[in-house]
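Predicted, not measured: the structure shown is a model, and the values here were computed from it.
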There are 2 protein chains.
Amino acid sequence: MPLHDLATIDVADAHPPGPAIERTTSTHCGTCAARYIGLCDALSAVDLQELADAACWCSLPKGRILMAEGDRILYFFNISAGHAKLYKDMQDGRRQVIGFVSAGSFLGLGTQDHYGFTTEALDEVQFCRFERRKLRNLFTRFPALELHLLAATCNELVVAQAQMLLLGRKTAIERLATFLLGWVDPSAGGGDPDSIVLPMGRSDTADYLGLTNETVSRSLTLLRKRHLIALNGDQNITIVDPVALRAVGDGVAK
Amino acid sequence: MPLHDLATIDVADAHPPGPAIERTTSTHCGTCAARYIGLCDALSAVDLQELADAACWCSLPKGRILMAEGDRILYFFNISAGHAKLYKDMQDGRRQVIGFVSAGSFLGLGTQDHYGFTTEALDEVQFCRFERRKLRNLFTRFPALELHLLAATCNELVVAQAQMLLLGRKTAIERLATFLLGWVDPSAGGGDPDSIVLPMGRSDTADYLGLTNETVSRSLTLLRKRHLIALNGDQNITIVDPVALRAVGDGVAK
DNA sequence: CGTCGCTTTGATTAATGTCAATAGAGGTGG
DNA sequence: CCACCTCTATTGACATTAATCAAAGCGACG
C-alpha cells in the first residue's frame, strides 16, 4: 500500500466519512418508512419504481459524515429514517448548526458545485442516493418531483428566515422556548403530543441556537423551575405549559 | 364616512401601504432594466410577452410597503429597479432584516397562505406584479420559469445559511466585514469594483446583522482606523484592503 | 466499582446593548 | 446665501447578557 493511501486513511479516521453500508434491494420502496412522506409521497407507485431504479439505498451509523462542506456535489440524498445535523464550521472551531433533518428531507439541491454544509448522522440514518447529473432528466420525466422540491425549498427558506430572527434578536431563553416548540409533533397519535424526544445533545442544540451548552443548560433549568417544561432524562422533554412557552418564545412574556 | 373607515386610514398612515403608482404600458419589457437579469432573462422574447400579459407594472416610492408580514398572499413580484428590505418584527419592536432585494429578485413564492415578512422600499422601486393563482399555469406553460425559480430559491437558501453562521457565531466586526464584502460587485465595469454604495442606513444594517446601529457605527470606525475600508459619506464605502477584510470576515484575523 | 462523557451549576470576564450627548449632512425658508 | 431645523451617524459612559473558565454531579458501561 503506497504512502498516499495511508494518508487518505488517516484523514478519513480523523473525520470519519467512511463508506456507507450500501444495500441494493430493488423492492425497497414498498417497505420504506418514508414511502408516504416527502418526495416519495408526491409520486405514483409506477413513477416511484422508475425513480427507485436511479437510486441507491444506503445506511450510515451515528457520528458518520454523509457529506462534508466543500465536497464536490456528486449526489442528492433523500432521508428515509434517522436524524442528521447540518452545520458550517469556521476555521477556529466555531460551529453553526443550520438545521436538523429526518425522514422525508431532501439534501443536495442547488446551483453550487460544492456542498455548503456538512451533514452528520445523529443516529442510524437510512437514505436513498441519486446521481446529480440524472436530476435534470428526472425533472422532465416527473414534473411532480420538481414541483415538490420547489415547495420544499420554499418551506426551508421560511424556516431559515424564522431562524434568522431567532439568532439575530431573541434572548437565550426565548431561543430555547422557540426551539422546543418546533419539536412538538401535532400528528403524534397515541403518545402525549407535548412530550418530545430530541435526537441531539446540549452542544448541538447550542450550536443550532447560537449559544453555548452551558447557556442552553441554564435556560432549560429556568424553564423547568417556572414549570413550563419538565425534563425526563437529557433528551426527553415534556411541554407542561405550551401557551406560556409560546409567549416566552415570541418575546411576549419574560 | 363611518368610523371604522377612519380607523383604517389611521393605520394606513402609521404604516403607509398606500396604492402603488401603476403603469400599464404593454411594451414595457423591451425597455425594462431587468430584461436580461433574473427571471426575464430565462425566457425568450415571445414567452416573455406572454408572461408580460399576465403582469402589471408598478412603481413604489421610498419608505412604502410592498407587502406586509401576515398579509394574505395574492401576488408575486419581480423587482425591475430599486432596492427593498425584507424584515420580520417582534411585538415589542425588535426587528430582523432577513434580506435586501434589487433588480432581478423574485418575491412571494411559498406554500404558505400569508407572507412571512414585510417588504419596504429603500428607494424608488419598480416591479411587475403577478396574480398568485396564475402561477401554476405559468409553470406548466414555461418550464424554464419553474426551473429558474427553483435555482433562485436554492441560492437564497445558501445565502440564508451563510447568514445563520454570521448571526449565530460571528463577532460584530466579523459581521460588518462579511456584510461589506457581500456588496462588492465583481461585474462593476468602469467604476472601482471595490467602491460600494449601500442602499440602506446604519439602523437597517444593524437590523440585518443582529446588532445595534451604535455597534455598526463603532465597528465601521474600527475598520476605517485599521485602513481596511474608507468612508466617503454615510452610504459610500471603499474597500481598501479586500484580502484583510476577508480574513476579518472569516474570523481568521482579529 | 471506577472511568468516561455529558450535563449542570458556580464565579468571573468580555462583548455588546442601553442611555445620553455631540457632530455632521441635507433640506427649507427667510 | 446663510441660518435654522431635522434626521442620521458618531462617540462616550455605564449596564446587562451570555461566554469563559472551573468544578461537581450523573448515568452508562466495562
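Under the 4.0 Å criterion applied to side-chain N and carboxylate O atoms, A:K88 and A:E69 are assigned as salt-bridge partners.
Considering A:L176, A:T238, A:L180 in turn, A:L180 is the only one that fulfils the side-chain contact (heavy atoms from CB on, under 4.5 Å) rule with A:I229.
One N or O donor and one acceptor, one from the side chain of A:R218 and one from the base of D:dT20, sit under 3.5 Å apart.
Separating the CG atom of A:N213 from the P atom of C:dG10 is a distance of 16 Å, rounded to the nearest angstrom. If you take CG of B:L231 and C1' of C:dA25, they are 14 Å apart, rounded to a whole angstrom. If you measure from atom NZ of B:K170 to atom C1' of C:dA15, you get 18 Å, rounded to the nearest angstrom. As a whole-Å value, the separation of A:N232 CG from C:dT7 P is 16 Å. Straight-line distance from the CG atom of B:D92 to the C1' atom of C:dG17: 14 Å, rounded to whole Å. Straight-line distance from the CG atom of A:L211 to the C1' atom of D:dT20: 14 Å, rounded to whole Å. One atom, CG of B:D234, and another, P of C:dA23, lie 17 Å apart when rounded to the nearest Å. One can place CG of A:L198 at 11 Å from P of C:dT7, the figure rounded to the nearest angstrom.
Here the side chain of A:T215 is nearest to one of D:dA18, C:dT16, D:dT20, namely D:dA18. Closest to the side chain of A:T171, out of C:dT18, D:dA18, C:dT7, is D:dA18. Listed nucleotides: C:dG17, C:dT7, D:dA9. Nearest to the side chain of B:R202: D:dA9.
Comparing A:E214 and A:I173, the nucleotide of DNA chain D nearest to each residue sits closer to the 5' end for A:I173.
In this structure, B:F179 and B:T205 have side chains that are in contact, with non-hydrogen atoms separated by less than 4.5 Å.
Using modelled atom types and a 3.5 Å distance limit, the side chains of A:Y87 and A:E120 yield a donor-acceptor pair.
Using a 4.0 Å heavy-atom distance criterion, A:L220 is classed as making no nucleic acid contact.
OP1 and OP2 of C:dT7 both lie 4.0 Å or more from every side-chain N or O belonging to A:S217.
Smallest separation of non-hydrogen atoms from A:M67 and A:L107: CE-CB, 4.4 Å.
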